[in-house]
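Only a predicted model underlies this, so the values are computations on that prediction, with no experimental measurement involved. Labels below follow one simple rule: chain letters A, B, ... track the order of the sequence lines, proteins then strands, and each chain is numbered from 1.
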Amino acid sequence: MGIQGLLPTLKSIMHPRHAQEYAGKRAAIDTYSWLHKAVLSCSRDLCHGRHNDKYIDYCMRRVQMLRYYGVQPVLVFDGGSLPMKSDQEIKRARSRKENLERALEYERLGNHSAAYECYQRAVDITPAIAFRLIQVLRQENVQYVVAPYEADAQLVFLALNRHVDFVITEDSDLIVYGCPQIFFKMDKHGQGVGFQISDITANKDIDLSDFTKQMILEMCIMSGCDYLPSLPGIGVKRSHGLIKRFRTYQKALKHLEAKGVLIDPQYEQGFHRAILTFRHHRVYDPVKKEMVHLTGVPSELDTNLDFLGPHLPQTTATAIARGEVDPTTFESFQDFSSSGRLVADSNATVQNGVSNKKVGFSAKKNLPAINSSRTHQHHRSGSRPCFQLSDLKAALVSFLISWGLVCILLACNPQVESLV
DNA sequence: CTTCGGTTGATAT
DNA sequence: TCAACCGAAG
Ligand SMILES: [Mn+2]
């Protein structure tokens with residue numbers, strides 16, 4: 001869900017950026033934001049429990065693109081789900097089931113395009129699907145880490161602790177978690193939109209110049225987030241106005257009550273829990289090799305933190321982070337790879353600096369549809385296939401040919417003129 | 001003006 | 001899955 005309406009109000013400080021501009025930097029990737037798009041090309045197979053490499057190729061093309069531009073990617077995966085989001089998860093599971101039934105029905109009727117649209121809304125990205133990608137990441141020496149819970153918090157932990165320089169995502173929640181630098185909506189060419197928290201004082205639409213991190217957090221929660229629905233009629237604009245005027249959510253709520261707004265007695269506690277869930281989410285520390293909080297819990301805080309999900313012992317947390325066990329069941333993944341390099345490469349998680357084999361940013365010619373991800377070519381470190389130029393040439397040639405044809409047709413047959 | 005709910009697109013051919 | 005977009009309603 002993210003924070004509805006947050007990104008449009010921050011438009012003035014969102015700047016077009018290219019992956020090139022992040023050369024020499026390390027990026028943490030919100031991998032599920034890739035996977036949700038990647039599975040669109042093979043939804044039918046995945047819905048029927050069949051494996052299909054297309055979603056892996058999608059992700060690996062992006063990894064190679066980033067490496068080509070000198071960006072070192074660290075892929076971060078979602079782990080277990082939080083009790084606070086279980087309502088939403090149940091709704092989504094039901095919606096997926098409905099879409100699967102509709103897909104099967106359309107297919108019976110022979111309407112394949114309608115069926116495919118339903119399949120796309122029916123795919124569930126399971127830990128097994130993620131694990132297939134992880135196996136390829138190991139083979140290609142790409143760093144990765146599986147978060148104990150939400151990837152969002154893990155991404156921000158890596159950024160705050162300088163394991164990475166910025167985060168690549170589609171999700172406005174990263175701002176709420178306090179991520180200092182974000183690259184939104186990066187496409188396959190490396191084009192996207194950059195965000196820096198340090199620019200926040202210059203924002204136009206809503207004035208955030210005197211807002212602390214805490215005030216931004218409270219503004220976002222008040223406008224409605226994954227962990228707490230908003231009071232009816234309160235969105236980003238009104239929550240901004242309230243926090244700007246009263247500085248804290250407690251005072252803002254008192255004001256609303258004084259004005260006669262009815263507020264569920266549970267709402268304030270829910271608000272406090274939402275704050276703690278953002279600030280102290282459980283994450284994996286790749287240096288300490290154990291589960292920690294996103295930011296330290298103050299010693300004076302006496303709230304029970306069970307709603308963050310259980311704290312896991314070090315060995316479990318590490319096995320999850322390395323993608324050795326399913327983060328939802330704690331059961332071992334089976335090794336599907338033919339080369340059986342799982343154990344040998346299992347240290348290729350983010351905590352270990354690994355020797356980076358250079359994988360050229362090879363364009364389509366190296367990734368035909370029939371090509372399995374496991375056959376990705378390794379290039380000599382100096383070899384950098386020129387993706388942009390060859391693509392540009394091809395586009396230019398086809399452009400000239402088509403317009404050449406149009407001109408010839410126009411010259412020979414004046415009737416065509418009316419069609420153009 | 002602001003919020004809310006529903007729809008669509010993303011991939012790739 | 002997310003966000004963008006659009007139109008309805010307060
Ligand atoms: Mn999120």
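- Between A/D187 atom CG and C/dC2 atom C1' there is a gap of 16 Å when expressed in whole angstrom units.
- Using a 4.0 Å cut-off between charged nitrogen and carboxylate oxygen, A/E117 and A/R102 do not count as a salt-bridge pair.
- Here the nucleotide nearest the side chain of A/D171, chosen from B/dT2, B/dT11, C/dA3, is C/dA3.
- With a 4.5 Å cut-off on side-chain heavy atoms, A/I206 and A/V236 count as touching.
- Using a 4.0 Å heavy-atom criterion, one finds that A/R121 contacts the bases of the nucleic acid, with or without backbone contacts as well.
- Contact annotation: A/R61 reaches the phosphate of B/dA12 (side-chain N/O to OP1 or OP2, under 4.0 Å).
- Residues A/D173 and A/R238 each lie close to DNA chain C; by heavy-atom proximity, the contact nearer the 5' end of the strand is made by A/D173.
- Between A/R17 and A/E21, at least one side-chain nitrogen of the basic residue sits less than 4.0 Å from a carboxylate oxygen of the acidic one, meeting the salt-bridge criterion.
- Between A/S172 and the phosphate of C/dA3, there is a side-chain N or O to OP1/OP2 separation shorter than 4.0 Å.
- Regarding A/Q120, its CD atom lies at a distance of 11 Å from the P atom of B/dT11, rounded to whole Å.
- At the heavy-atom level, A/V123 lies nowhere under 4.0 Å from the strands shown.
- Looking at residues 239-255 of chain A, you'll see that no heavy atom sits under 4.0 Å from any atom of DNA chain C.
- The nearest heavy atom of DNA chain C to A/R92 and to A/G5 marks one nucleotide each, and the one closer to the 5' end goes with A/R92.
- Residue contacts for A/Q4: at a heavy-atom cut-off of 4.0 Å it reaches no nucleic acid atom on any strand shown.
- Between A/D165 and A/K25 there is no salt bridge, since none of the side-chain N atoms of the basic residue sits less than 4.0 Å from a carboxylate O of the acidic one.
- The listed nucleotides are C/dA3, B/dA10, C/dT1; the one nearest the side chain of A/K37 is B/dA10.
- With rounding to whole Å, A/M1 atom CE is found 14 Å from B/dT3 atom C1'.
- A/D45 has no carboxylate O lying under 4.0 Å from a charged side-chain N of A/K54, or vice versa, which leaves the two without a salt bridge.
- In this structure, of B/dT3, C/dA4, B/dT11, it is C/dA4 that holds the atom nearest to the side chain of A/P8.
- With respect to the salt-bridge test (charged N to carboxylate O, under 4.0 angstrom), the residues A/R247 and A/D210 qualify.
- Using a cutoff of 4.0 Å between basic side-chain nitrogens and carboxylate oxygens, A/E150 and A/R282 are not scored as salt-bridged.
- Between the CD1 atom of A/I3 and the P atom of B/dT3 there is a distance of 13 Å, rounded to whole Å.
- Per the geometry, CD belonging to A/E98 stands 12 Å off P belonging to B/dT7, to the nearest Å.
- With respect to A/D207 and A/K244, a salt bridge is recorded, a charged nitrogen being found less than 4.0 Å from a carboxylate O.
- Look at NZ on A/K237: it is 14 Å from P on B/dC4, rounded to the nearest Å.
- Between the CG atom of A/L10 and the P atom of C/dA3 there is a distance of 12 Å, rounded to whole Å.
- At the heavy-atom level, A/Y58 lies under 4.0 Å from the strands shown only through sugar-phosphate atoms.
- Atom CG in A/D152 sits roughly 13 Å away from atom P in C/dT1 (whole-Å rounding).
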